[in-house]
Amino acid sequence: MSNNSTDLKKIISHCKEYGYVFPSSEIYDGLSACYDYGPFGVELKNNIKDYWWRSMVRLRLDVVGLDSSIFMHPDIWKASGHVDAFNDPLIDNKDSKKRYRADQIVENYIDKIVAKVDKEIKKAEKRFGDNFNKNQFIKTSDRVQQNLKKINETKELLNKYLADEDFRSLKKLIEDIGVVCPVSGTSNWTDIRKFNLMFSTKIGSVADQASQLYLRPETAQGIFVNFLSVQKTARMKIPFGIAQIGKSFRNEIIARQFIFRMREFEQMEMQFFVKPGQEMSWFDYWKAERKKWHNTIGFNDDVLKFHDHENLAHYANAATDIEFKFPFGFKELEGIHSRTDFDLRSHERHTNKKLQYFDSEINDHYTPYVVETSIGLDRMFLAVLCNSYKEEPIKDGIRTVLNLPPILAPFKIAILPLVKKDNLPDKSKEIYNKLKSNFSCYYEEKDSIGKRYRRQDALGTPFCVTIDHETLDNDTVTLRYRDSMDQVRISIDELIITINNKLTI
Ligand code: ATP
């Protein structure tokens, strides 16, 4: 597992070199925070989508799917609160002219003090060895106590000023804690302003007849406005969910950290409609379900944690983030929100149409409450890569390997003729044709077999099948496993069943 910014750089260059992710418009010098997925990236991305869709929709009787349009009636965004409240607090450094999110620069400051405390504890642990009592050390070390006090006070003030939209005090806090711009090194800050994150455009060919449209900043609203149509046509009974995967757009002020924060990204969202009063038990249910999902995909508990929100969004009565340990620290990967009936009621108000459910058990109508799970596909992609990227010492140096869960690997099998002659390519293509409808297979004949194994390790292909002269005599091949690098000789007829058995996850 990679753990620092050097490792993020390694992952970025690995993605570029191995056709996972390219900067968008690169021959025009790129477009910031936009990325393209290459031949291996698109496969991994599709596999993550399939894996999510399978567990959230196909394997459940209580969730159905939807694919709503990106452009929607502009009033939807008034009803959802995005026109008035989807704002980030912005601050500029007057010397460097660089722009930052005011809340994030305070959070970075807090992260730095947290890192200091961790360092202090690690140092003490080393010094005292087996006799080290962590709790006692934290309680008795003046320096640690001072820093913990600073962390708590700063967090409290940040939350208060954000909740009150008291940007004057937030600016003063930034000045008081001494945050400087990393580029200019000065604390010459502008006032904080609000900035709406929605991209807008116009519909219609004649400019003055045009009306303003927004590119959706989340897929959730498409689900809410289709709630009744879906419920009726799919004959769903509450509790039930509607899932959708699709592009969202946010004019992020600071889009950085590779595909972690982009301006155009994909979300995998599910809105679960429940009877009012039952939302908290469903909230807990989805917290546990989603964590299990991450665990089964190979994220251990040491790279995952819940972060419960102290400051709730205007629509929520409970919220938590599942955070993943990215190379730049624990950051939000997925949000789970209890959204109450805010959205449905607001759409009812704006349209004068009822969005209520008739519950035949109680013979009455009600507006359901909603528990949402929302995960960024691109962030999940990055998390999967961070969790899989390894540099392993081997006999003749170091190999780079992506230990991707086989189910997510872009290609499951690489079919490799030992040499590019003696009918081996023909025999290999025959085997390729035999396997291709069961597994996504990659065929490669360029370079020595050793180099091709290394390349497939770096691409994350879990199995290599090598065809040699013996194959022509007795229809056996070498099956090589990516993780153990073990090689076994098996007959072609056994390939499908052997690999299938290993492909459970
Ligand atoms: P953040 O605090 O990181 O800006 P958020 O709380 O605004 O995220 P949500 O609105 O809850 O995010 O969106 C749900 C999920 O969509 C997030 O957990 C994240 O995985 C993903 N996501 C949100 N914004 C972006 C972005 N700009 N680029 C990539 N993924 C994103």
Side-chain angles (χ1 to χ4, degrees), residues 21 24 31-35 37 45 48-49 52 56 77 80-82 85-90 100-108 111 158-159 162 195-199 215-223 243-271 283 286-287 290-291 293-294 299 304-316 318-326 328-339 342-343 370-386:
V21 182
S24 160
L31 179 66
S32 107
C34 294
Y35 291 90
Y37 288 84
K45 201 174 170 196
I48 297 173
K49 273 194 227 183
W52 185 87
M56 295 296 275
W77 303 111
S80 68
H82 283 82
F86 195 48
N87 298 305
D88 275 347
L90 269 192
Y100 302 92
R101 253 173 70 175
D103 55 332
Q104 280 181 353
I105 58 178
V106 178
E107 273 163 11
N108 290 345
D111 284 349
L158 173 67
N159 288 339
L162 285 175
F195 173 80
N196 194 290
L197 295 183
M198 278 197 297
F199 281 102
L215 272 75
R216 67 178 177 203
E218 62 176 26
T219 59
Q221 296 306 321
I223 295 178
Q244 119 155 294
I245 301 178
K247 289 255 176 173
S248 293
F249 303 83
R250 294 182 189 180
N251 197 0
E252 300 278 5
I253 299 138
I254 318 149
R256 60 163 79 118
Q257 286 153 336
F258 193 37
I259 53 175
F260 178 81
R261 188 176 299 286
M262 301 156 89
R263 299 205 165 95
E264 172 186 339
F265 58 99
E266 257 177 286
Q267 288 184 309
M268 305 190 285
E269 295 198 295
M270 194 276 307
Q271 311 295 323
F283 177 72
W286 280 110
K287 262 178 88 167
R290 294 303 303 148
K291 179 161 173 293
W293 186 83
H294 289 286
F299 295 175
L304 288 178
K305 71 175 182 200
F306 283 116
H307 169 233
D308 295 330
H309 287 209
E310 289 157 26
N311 261 335
L312 293 172
H314 58 280
Y315 52 75
T320 194
D321 295 336
I322 297 181
E323 294 189 340
F324 175 81
K325 193 175 183 188
F326 288 99
F328 36 87
F330 271 102
K331 298 280 171 203
E332 173 177 343
L333 172 60
E334 170 158 9
I336 300 165
H337 309 124
S338 172
R339 288 181 83 124
F342 171 86
D343 301 88
V370 173
V371 176
E372 152 185 273
T373 72
S374 173
I375 178 166
L377 173 57
D378 312 83
R379 254 183 223 186
M380 184 63 197
F381 183 105
L382 181 59
V384 167
L385 283 181
C386 293

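When a ligand or atom number is given, it counts from 1 through the structure's own listing order.
Atoms of ligand 1 found under 4.0 Å from any heavy atom of Glu334 (numbered from 1 in listed order, with element): 18 (O). Contact atoms of ligand 1 toward His337: 11 (O) (distance under 4.0 Å to a heavy atom of the residue). Against a heavy-atom cut-off of under 4.0 Å, Glu252 is close to the following atoms of ligand 1: 24 (N), 26 (C), 27 (N).
Nearest protein heavy-atom neighbour of atom 22 (N) of ligand 1: Phe265 CE1, 3.6 Å. Given atom 14 (C) of ligand 1, the protein heavy atom at minimum distance is Ser374 OG, 2.9 Å. In terms of protein heavy atoms, atom 29 (C) of ligand 1 is closest to Phe260 O, 3.2 Å. For atom 10 (O) of ligand 1, the closest heavy atom belonging to the protein is Arg250 NH2, 2.9 Å. For atom 19 (C) of ligand 1, the closest non-hydrogen atom on the protein side is Arg379 NH1, 3.4 Å.
Counting only distance, with no hydrogens or angles, the side chain of Thr320 and the backbone of His307 share a donor-acceptor pair below 3.5 Å. Judged by distance alone, with hydrogens and angles left aside, the side-chain atoms of Arg379 form no donor-acceptor pair with the main-chain N or O of Leu333 at under 3.5 Å. Of the possible polar contacts, one joining the Glu269 side chain to the Thr219 backbone as a donor-acceptor pair under 3.5 Å is found. Here the side chain of Arg101 pairs no donor or acceptor atom with the backbone of Asp88 at under 3.5 angstrom. With hydrogens and angles ignored, the 3.5 Å screen pairs a side-chain donor or acceptor of Asn196 with a backbone N or O of Met198.
Of all the heavy atoms of Asp321, none lies under 4.0 Å from any atom of ligand 1, so neither backbone nor side chain is involved. Residue contacts with ligand 1 for Glu332 involve side-chain atoms from C-beta outward but no N, CA, C or O (heavy atoms, distance under 4.0 Å).
Heavy atoms of Leu333 approach ligand 1 to within less than 4.0 angstrom.
Closest heavy-atom approach to atom 3 (O) of ligand 1 within the set Glu218, Arg261, Arg101: this belongs to Arg261. When the options Met262, Met380, Gln267 are ranked by their closest heavy atom to atom 26 (C) of ligand 1, first place goes to Met262.
In terms of N/O distances under 3.5 Å, ligand 1 is not approached by Glu269. When only interatomic distances are considered, the shortest N/O to N/O separation between Gly376 and ligand 1 falls below 3.5 Å.
Under 4.0 Å is where a charged nitrogen must lie from a carboxylate oxygen, and between Glu218 and Arg339 at least one such pair does.
Because its NZ or CZ atom is both nearer than 6.0 Å to the ring centre of Phe306 and within 45° of the ring axis, Lys287 counts as a cation-pi partner of that residue. A cation-pi arrangement is absent between Lys331 and Phe326, since the terminal nitrogen or guanidinium carbon is not both under 6.0 Å from the aromatic centre and inside a 45° cone about the axis.
Taking the six-membered ring where the residue is Trp, Phe324 and Phe299 present tilted rings, their angle falling between 30° and 60°.
In this structure, CD1 on Ile336 lies 10.0 Å from NE2 on His309, to the nearest 0.5 angstrom.
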